[in-house]
2 protein chains.
Amino acid sequence: MLDERKQKILKAIIDDFIITAEPVGSRTIARKYNIGISPATIRNEMSDLEEMGYLEQPHTSAGRIPSDKGYRFYVDFLMKLRKLTPEEIKNIKDVSLYKKINGIEELLEQTTKVLSQITRYTSVALGPQLKKTTLKHLQLVPVENKRVLMVIVTNSGLVEHKLLSLPKNVTESDLERVSNIINDKLSGLAIGDISDDVISNVKKEIIGFSSDVFDMAIEFLLKNLQIYTDSKLFLYGTTNIFNLPEFRDIEKARNFLSILEDKELLCEILSNSFMSKDIVITIGSENKYQEIKNCSVITTTYKINGKTIGSIGVVGPTRMEYSKVVSIVRFLSENMSQLISKILNN
Amino acid sequence: MLDERKQKILKAIIDDFIITAEPVGSRTIARKYNIGISPATIRNEMSDLEEMGYLEQPHTSAGRIPSDKGYRFYVDFLMKLRKLTPEEIKNIKDVSLYKKINGIEELLEQTTKVLSQITRYTSVALGPQLKKTTLKHLQLVPVENKRVLMVIVTNSGLVEHKLLSLPKNVTESDLERVSNIINDKLSGLAIGDISDDVISNVKKEIIGFSSDVFDMAIEFLLKNLQIYTDSKLFLYGTTNIFNLPEFRDIEKARNFLSILEDKELLCEILSNSFMSKDIVITIGSENKYQEIKNCSVITTTYKINGKTIGSIGVVGPTRMEYSKVVSIVRFLSENMSQLISKILNN
DNA sequence: GTTAGCACTCTCTTATGGAGAGTGCTAAAA
DNA sequence: TTTTAGCACTCTCCATAAGAGAGTGCTAAC
């Protein structure tokens, strides 16, 4: 473990580097952060810290920059959470005043926008995951001859619809019968759990008393139920990275933006936070995916009816203002959960 | 008007510049494009073309580059439409094989993806505009106590839904009555035409025989009808610009990407093509909006049931491969219209 | 254990001097 | 009158060099 003086020096270096983005030298530390020792002593300590893996040196005669291990120590033990400014709080609170918020998706859109604006990084959110919710109600609405609208309502108040084309005409009462059977058999199941097995069981029962039109209809319906498992992605502030010196290199910027274009990758990254209760901070090489090994990700989850259903977070360079971002993400996630229950229960 | 030799030279310069992105000199033209005159003569002609506004010179001792006026002349009179390669055709046709295409939005998503991949520019599409379609059917589905699901079906087979929370409980038969009145009064109207006037007219009739709960319910419904007018935007290949030398300057790239983040601006830009029957090419300063005055946009529309309902296109530098992109966009838009009618009528 | 002094290293910026590409002009050729 | 060859001139781009600046590591003294 690091002794107190080493910790102080490490903290000073990281704090400074987060602000300046320049390698930090011993003189700077001695001058700006009065620890009461001379640059020479600091140099010795820095040399130790480098050997222990907390710092790195871009080249021989440069100052030090934090390694991922250094950031990890900083995040776990050293940083002091920054209080939100009144302005930041106002911005987050104001999300609820935005007139277009009529559902969770509008809320997410506004929230990611605010998140990127006040952090000045790129924000990402994963929409409510249908497969994590349970089926509450399924309704079949006749539209015209062979067209039927399937509406799914889940226990978290989410609604999805799908327009189906059946191979033959089906009467309204037939539709109602199918609805009833499905509701009877499947409601209460998590949508992700509606497997082929379950489906073929339901199918068997229906065969007992119905025509083959009926049979085809339900098969089609059930097949579609399963497709509805990919969730929407919200993204904001992608161009914020151009303010950061680490992305002044066009190839770095390109690489970063390529990540943001890869929806699947982003979903995977965001899903990581589903396990944890609170905020998840992933620093550089700690990321599972090669593409973002020089980025840090800070995510948290949001809940509907007490159940974790999606996540939201920030992507940026490893030199991230962790203290600020963590505070903001935490506050914003609390605010969001409140707003969600307000939206769903008003 | 330009004489034939000037046209030949202009075409050669633009063709060359589109490939190389370097100012084109008289010697290059004489060597690569055998027009049968010496560099000196070409220089004189180039000087004329510059004076007439078709060419520009980055600095005294550089070759010439096309001006926006030059590109306009090229696009209108000089360029030969390039035939699609078998591979390009295959890529476009294969859109229909993608398994997830169950509706217009999935189709648009796949199509923009393919468009950006084969053009190597950024592709954009505007989703079906609800306000341009007419209301066919409105259904109110009871979900639980005060919750009601409103489903809108339009004449183009588009469906939208919205979960409403009513201030008081409403019985199922009341809901049905409201549905009937709304369908009676509003179906057949373009959704964009459902104005406050129309709404208050409907409201008056309802007041005649219904309670105030009823009144509030319908007001709420109708207010929501109008919100449903902003349409979805599809974007793909934003990072393609990093392959282009004109965006090697970080500020240029940033500016371009900022445009793509401004959804409203993109919608406006794409809406421009709604007037025209065919493909619309907008070159650099021809653009209405300051932000994209150094970009070119090539768009076309797609139809549902013969009615223009959305648009799709490509955004790139003014030095765009117009000939290639126009061919691709045209073919792709035809293909799309076919697929749409297949999706809606299968 | 801590500090001052100093030589050394590496980057970054600025200046310099061709090389290269292309033009415009002039005068000769067609 | 139109076209072309020749040539001086201009501007960019690139490589090289030099010097400033920042910071280190080491040694020896405190």
Side-chain angles (χ1 to χ4, degrees), chain A residues 2-10 12-17 19-67 70 245-246 248-250, chain B residues 2-10 12-17 19-67 70 245-246 248-250:
Chain A
L2 301 180
D3 63 43
E4 205 186 311
R5 196 170 73 180
K6 281 201 171 56
Q7 290 191 18
K8 258 190 183 165
I9 291 174
L10 181 58
I13 291 173
I14 297 184
D15 279 336
D16 201 79
F17 184 69
I19 297 169
T20 64
E22 298 289 336
V24 186
S26 53
R27 235 178 89 82
T28 310
I29 298 299
R31 216 177 335 117
K32 285 212 268 185
Y33 307 81
N34 50 337
I35 311 182
I37 46 179
S38 76
T41 314
I42 294 175
R43 275 205 288 284
N44 289 332
E45 296 286 42
M46 281 162 88
S47 187
D48 290 353
L49 284 167
E50 185 179 355
E51 207 164 304
M52 296 163 88
Y54 294 100
L55 295 178
E56 286 169 4
Q57 205 170 15
H59 58 266
T60 352
S61 65
R64 302 301 206 293
I65 61 174
S67 66
E246 29 269 277
R248 263 229 291 270
D249 174 14
I250 204 108
Chain B
L2 300 180
D3 64 42
E4 205 186 312
R5 198 171 69 181
K6 282 202 172 56
Q7 290 192 19
K8 257 190 184 166
I9 292 174
L10 181 58
I13 291 173
I14 297 185
D15 279 337
D16 201 79
F17 184 70
I19 297 169
T20 63
E22 298 290 336
V24 186
S26 53
R27 234 177 90 84
T28 312
I29 298 300
R31 218 178 333 118
K32 285 212 269 183
Y33 307 80
N34 51 338
I35 310 181
I37 46 178
S38 76
T41 313
I42 294 176
R43 274 204 289 284
N44 289 330
E45 296 286 41
M46 281 163 89
S47 187
D48 289 352
L49 284 168
E50 185 179 355
E51 206 163 305
M52 295 163 88
Y54 294 100
L55 294 178
E56 286 168 3
Q57 206 170 14
H59 59 265
T60 351
S61 66
R64 301 302 204 297
I65 62 174
S67 67
E246 29 269 276
R248 264 229 290 271
D249 174 14
I250 204 109

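First the proteins, then the strands, lettered A, B, ... as listed; each starts at 1.
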Non-hydrogen side-chain atoms of B:Glu56 and B:Ile65 separated by less than 4.5 Å:
yes
Which nucleotide sits closest to the side chain of A:Ser38: C:dT2, D:dG23, C:dT3?
C:dT3
Roughly, in whole Å, what's the span from CE in B:Met46 to P in C:dG24?
8 Å
Examine the side chains of B:Asp15 and B:Tyr33 and answer whether a donor and an acceptor come within less than 3.5 Å of each other.
no
Quick note, B:Ser61 side chain, CB onward, closest among D:dC11, C:dT3, D:dC26 is D:dC11
Counting just side-chain N and O atoms, does A:Arg64 come under 4.0 Å of either OP1 or OP2 of D:dG25?
yes
More 5' along DNA chain D: B:Arg43 or B:His59, using each one's nearest nucleotide?
B:Arg43
Tell me the interatomic distance from A:Leu49, atom CG, to D:dG25, atom P, rounded to whole angstroms.
12 Å
B:Arg27 side chain N/O closer than 4.0 Å to the phosphate oxygens (OP1, OP2) of D:dT4?
no
Rounded distance (Å) that lies between atom P of D:dA22 and atom CD1 of A:Ile65:
19 Å
So, do A:Lys32 and A:Asp16 sit near enough that their side-chain heavy atoms are less than 4.5 Å apart?
yes
Nearest-nucleotide pick for A:Thr28, side chain only, options being D:dT24, D:dG23, C:dT3
D:dG23
Nucleotide nearest B:Thr41 when distance is taken to its side chain, options C:dT11, D:dT3, D:dG25:
D:dT3
Whole angstroms only, please: what is the NZ-P distance between A:Lys6 and C:dT2?
10 Å
C:dT23 phosphate, OP1 or OP2: any side-chain N/O from B:Thr60 under 4.0 angstrom?
no
Taking only side-chain nitrogens and oxygens of B:Ser26, does any of them come within less than 4.0 Å of OP1 or OP2 of C:dT23?
yes
B:Ile29 has an atom CD1; how far is it from atom P of C:dG22, in whole Å?
10 Å
